[in-house]
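Okay, structure first, notes after.
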Number of protein chains: 2
Amino acid sequence: MVAATTRQQIVQAADTLFYERGFEATSFADIAVVVGLSRGNFYYHFKTKDEILHAVIAYRLSNIQAMLEAWEVGAKTPIDRIRSFIQILILNQAKIMAYGCPVGTLCNELAKRDHIAKNRAVELFTLFRDWLSCQFTALGHGTQADELAMHILMRSQGVAALATAFRDEAFIRREVDDICLWLAVQRPNLSDNPESVSIQNS
Amino acid sequence: MVAATTRQQIVQAADTLFYERGFEATSFADIAVVVGLSRGNFYYHFKTKDEILHAVIAYRLSNIQAMLEAWEVGAKTPIDRIRSFIQILILNQAKIMAYGCPVGTLCNELAKRDHIAKNRAVELFTLFRDWLSCQFTALGHGTQADELAMHILMRSQGVAALATAFRDEAFIRREVDDICLWLAVQRPNLSDNPESVSIQNS
DNA sequence: GTCTATACGAAGATAGAC
DNA sequence: GTCTATCTTCGTATAGAC
């Protein structure tokens, strides 16, 4: 299926360009140039720009899903899995300093435009949020698991925002270490989850 | 001076629109409508869009400067002054949930476009950063003052980003309380600043 | 200082040939 | 499925009258 391949090429090119230049700032022509298509042919695959955005968000959702599953396999303990998440700040340092967090910057852009796809973009956050929440639940944090997940997400967003502004690698390392320190100190509230006592010391 | 007034009206209108819609997404026509000017007359006051951006950033810089000075007078202790900063997350909650942080979102947008004014926009952050650093220095945190300032800035950015995404007031309150808690727990590293012993217990 | 009119280019989108 | 040609709208910017 050649059609599927071209379509996929468009989505991948759009994914990169939306991240590096922003959704609004990226034109059909920009994407067409990267894929090596004529502008006209573009509309065979996608009728509107919003349709491409929809496909790009779907693409990112599945990529994140795959990443989370890889972390699930690659790290043995919930703590190590959460650390995998935090480490993307180091792994993607260069890109984050140049373009910010792909999820956060997209959500901000769509929020300002009050775009229909905004809630769909927030789903990208929700994927991380629910996965982190699961890890904290496994650690024995019953009702607080979601709040802790949001706290980690919040910190990663803050680090990404200031990393883009100041481009300070030492700042990123320091804050990543601080999140890991915070993580190590967290202990489940036993009154929430009496059956999880055995987990907390694992 | 009527000219100065019109110019000022343009800058104020642009300030609001750049925040609520974004810099790129705001057209001359949008600003002209708000001010009640014709598009043509616009170019009497500003030759290019970048010139307006320059003026808007200058306007924001002076607004922030005035705000910092007001906090300096309105709050008696450095701790209370830092709390004034944190409280803007509550005070501007509605706008932040709708449009994000005015400084963070502008820096992100300009970073993606690799815009000339990006470093000037970062100055908006630097104003807060240096002021916060001063407060921490007054609290006796010698060499760590700037790191603590960056940590507070980082948290406020993270909260703003997720507030825009999830529009969760309880989350904002919780994280604001958590920053205040963190702030109350900070104690100066005495080896850095031996002469500040008397301050740490004030 | 403010207006109308207009040039110019970029970008979204369509029609129809191959 | 891909192309060229074209339409339309919009946004930046300019010229010149009042």
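In what follows, chains are A, B, ... by sequence order, proteins preceding strands, each numbered from 1.
Separating the CZ atom in R120(A) from the CG atom in L61(A) is a distance of 6.0 Å, to the nearest 0.5 Å.
For K49(A) and dC10(D), the NZ to C1' distance is 13 Å, given to the nearest whole Å. Straight-line distance from the CG atom of L37(A) to the P atom of dT4(D): 11 Å, rounded to whole Å. If you measure from atom CZ of R21(B) to atom C1' of dG11(D), you get 14 Å, rounded to the nearest angstrom. Rounded to an integer number of Å, the gap from I31(A) CD1 to dA10(C) P is 17 Å. The CZ-C1' distance, from F42(A) to dC3(D), rounds to 15 Å in whole Å. A straight line from CZ of R7(B) to C1' of dT2(C) spans 17 Å, rounded to a whole angstrom. Protein atom CZ of F28(A) is 18 Å distant from nucleotide atom C1' of dT4(D), rounded to whole Å. Atom NE2 in H45(A) sits about 9 Å away from atom P in dC3(D), given to the nearest Å.
If you find the closest nucleotide of DNA chain D to G40(A) and to R39(B), the one lying nearer the 5' end belongs to G40(A). Take the nearest nucleotide of DNA chain C for N41(A) and for E24(A): the residue whose nucleotide is more 5' is E24(A).
Few gaps surround NE2 on H115(B); more than 12 heavy atoms of other groups in view lie less than 6.0 Å from it.
At a threshold of 4.0 angstrom between heavy atoms, the contacts of Y43(B) include nucleobase atoms, whether or not backbone atoms are also involved. The residue S27(A) sits close only to the backbone: its heavy atoms come under 4.0 Å of sugar-phosphate atoms, none of a base.
Between T6(A) and dT2(D), a side-chain N or O to OP1/OP2 separation shorter than 4.0 Å is present.
Of all non-hydrogen atoms in I82(A) and W131(A), the two that sit nearest each other are N-CH2, 4.2 Å.
Ring geometry, F136(A) versus H141(A): the interplanar angle exceeds 60°, so the pair is classed perpendicular (tilted spans 30 to 60°).
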